[in-house]
Amino acid sequence: MASAAGAGGANAGLADPLLASAKKPVGAKGKHWVAADKDQRRAAKESGGEDGRPLLFRTYKVKGTLLHPYRALIFIRLIAVLLFFVWRIKHNKSDVMWFWTMSVVGDVWFGFSWLLNQLPKFNPVKTIPDMVALRRQYDLPDGTSTLPGIDVFVTTADPIDEPILYTMNCVLSILASDYPVDRCACYLSDDSGALIQYEALVETAKFATLWVPFCRKHCIEPRAPESFFELEAPLYTGSAPEEFKNDHNSVYIEYDEFKERLDSLSSAISKRSDAYNSMKTEEGDAKATWMANGTQWPGSWIDTTEIHRKGHHAGIVKVYNLGSQASTHNLNFASTDVHLPMLVYISRGKNPSYDHNKKAGALNAQLRASALLSNAQFIINFDCDHYINNSQALRAAMCFMLDQRQGDSTAFVQFPQRFDNVDPSDRYGNHNRVFFDGTMLALNGLQGPSYLGTGCMFRRIALYGIDPPEWRHDNIVVDDKRFGSSIPFLESVSKAINQERSTIPPPISETLVAEMERVVSASHDKATGWGKGVGYIYDIATEDIVTGFRIHGQGWRSMYCTMERDAFCGIAPINLTERLHQIVR
Ligand SMILES: O=c1ccn([C@@H]2O[C@H](COP(=O)(O)OP(=O)(O)O[C@H]3O[C@H](CO)[C@@H](O)[C@H](O)[C@H]3O)[C@@H](O)[C@H]2O)c(=O)[nH]1
Ligand SMILES: [Mn+2]
């Protein structure tokens, strides 16, 4: 998963992962950027902060010596394009008129899309989070924090195509993230409904009781073990260097055992199920898949039946309140926080008579289920083949959401997608540099970047289709026609709008879990606003872009967050077929 580049990045980034408070412009390419918010900062300082909240990010724009010639170039090309059109229109004496018309239509289309492409490039803006200011404002001296809650969503659709090990690495990197544990919850959506995913998550929760305190104690990066252990010489920035080597070795051994346990899950489940089936079922009964506690798994079975297969099974929700797990490991965590965030397994109900709307459907199910439990004000979602590469990333996104300038009207904060398995020549263009480091920065100078599917933090109410504060009506109707028929869910929406949420989730009762399973059932969002005005948009191959457009259309803005040590990292398609498939879609 990781590469040597990760180690280099760590050297540069660990002590001050963002270089956020550095006086100099950021990064190697920094010499082309100049601070653009000097006046705002001066004004904020003089007035003691407009509303008591500090400025939490810095803004840079491209240096005039570079930007002005570029703008002039755009202008010259515009004139050339216009002259070309004049020439075209004048030379219309072709014998084949339909051919001439076709090429004019084509030219107009290309000219128009070129113009659309140029307009945002007039003013690229880089926004860099100021982590020091965030800590000063929200972390209290007694070690607690007043940061708002975040619900982290991971989606997976198949344990074979999307290897479980990577999905679990993603989960581990979330659990080990540097964010107050009582304000963070991780939801894994499993569209395969397979018991193996659930049991892998249970194993992961157990391994996390060692992995997470280890990460905290030694301040390591990245906090996805597969990538971390690939580093040849991790740079040390913790406060117990003498214990690091030993701890590292023990955790490495435990990680190997954890991987072996994941590998053996499949045969363990088969064996167990065979044993139960021979004991508890009559001749001719369907062969069920059994959980470790001796009950039948409600999801898809190894020997599938009509109502226990990938596309047809009941909704499943399992809540793991990890809290402070007594660590049974022999590492010294005396002065390390061993608390862990809440972990939830969700497999939404499936039924062949309803469309499941792929990833968008899975995310909307997570949105509803999480509303009943943690109802965090903010959501961030990851594809299962991505992981958190910089443990400060969740905090970084918060710098934009809580900033006094446009924080309240910021609906989402998008991070660039980075990949760590791309060959040096990037033959399939996975890095997409022009897009991630050009176009998106350029849009950042307007209403903000588009939503790109993974690594994007949302404001929950923006996803619900609520207008930004300046356009919002006082009496928003929260009805079942729009949001579905769950009363607790409707109540949670009103709470979210009024920003009343307790940091303590309700007690996990059977009624609560049953209601969560109801809101993720196959039919729950049918004939409602879900997928249209509410949640992630349905009926489109690129639900991400369209969801972003809908939110922008309501007047919300978005922000683009780049970090010196990349926030998130993913695994790119590295063969032509997969890559073409992705682009064509
Ligand atoms: O029925 C489904 C189908 C997909 N997924 C998940 O959706 C994610 C993305 O799906 P994938 O098939 O891997 O698409 P990619 O082409 O790799 O994804 C890119 O394109 C998507 C559509 O534009 C975006 O949503 C992604 O974030 C972006 O990385 C993965 O985590 C899947 O597990 C589900 O949960 N349920
Ligand atoms: Mn993918």
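Whatever order the structure lists them in is the order used to number ligands and atoms, beginning at 1.
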Partner residues of Phe229 under the ring-ring contact (aromatic ring centres under 6.0 Å, His included) criterion, sequence neighbours left out: Trp211, His248, Tyr252, Tyr255

Is any N or O atom of Asp191, backbone or side chain, closer than 3.5 Å to an N or O atom of ligand 1? yes

Counting from 1 in the order shown, the ligand 1 atoms closer than 4.0 Å to a non-hydrogen atom of Thr454 are 27 (O), 29 (O)

What about the rings of Tyr464 and Trp556, do their centers lie closer together than 6.0 Å? no

List for me each residue that meets ring-ring contact (aromatic ring centres under 6.0 Å, His included) alongside His524, sequence neighbours excluded, and say none if there are none. none

Under 4.0 Å between a Lys/Arg side-chain N and an Asp/Glu carboxylate O for Lys259 and Glu226? yes

Looking at ligand 1, does any of its N/O atoms fall within less than 3.5 Å of an N/O of Phe382? no

Out of Glu543, Lys359, Gln366, whose heavy atom sits nearest atom 27 (O) of ligand 1? Lys359

Looking only at side chains, do His308 and Thr289 share a donor and an acceptor under 3.5 Å apart? no

Within 4.0 Å of some non-hydrogen atom of Thr156, the atoms of ligand 1 are 33 (O), 35 (O)

Does any N/O atom on Cys384 come nearer than 3.5 Å to any N/O atom on ligand 1? yes

Considering distance alone, does some N or O of Asp383 sit under 3.5 Å from an N or O of ligand 1? yes

My understanding is that we take every heavy atom of each candidate and find the minimum distance to atom 23 (O) of ligand 1. Doing that for Asn381, Thr547, Asp544, which one comes out nearest? Asp544

Answer yes or no: is there an ion pair linking Lys287 with Asp303, defined by an N-O contact shorter than 4.0 Å? no

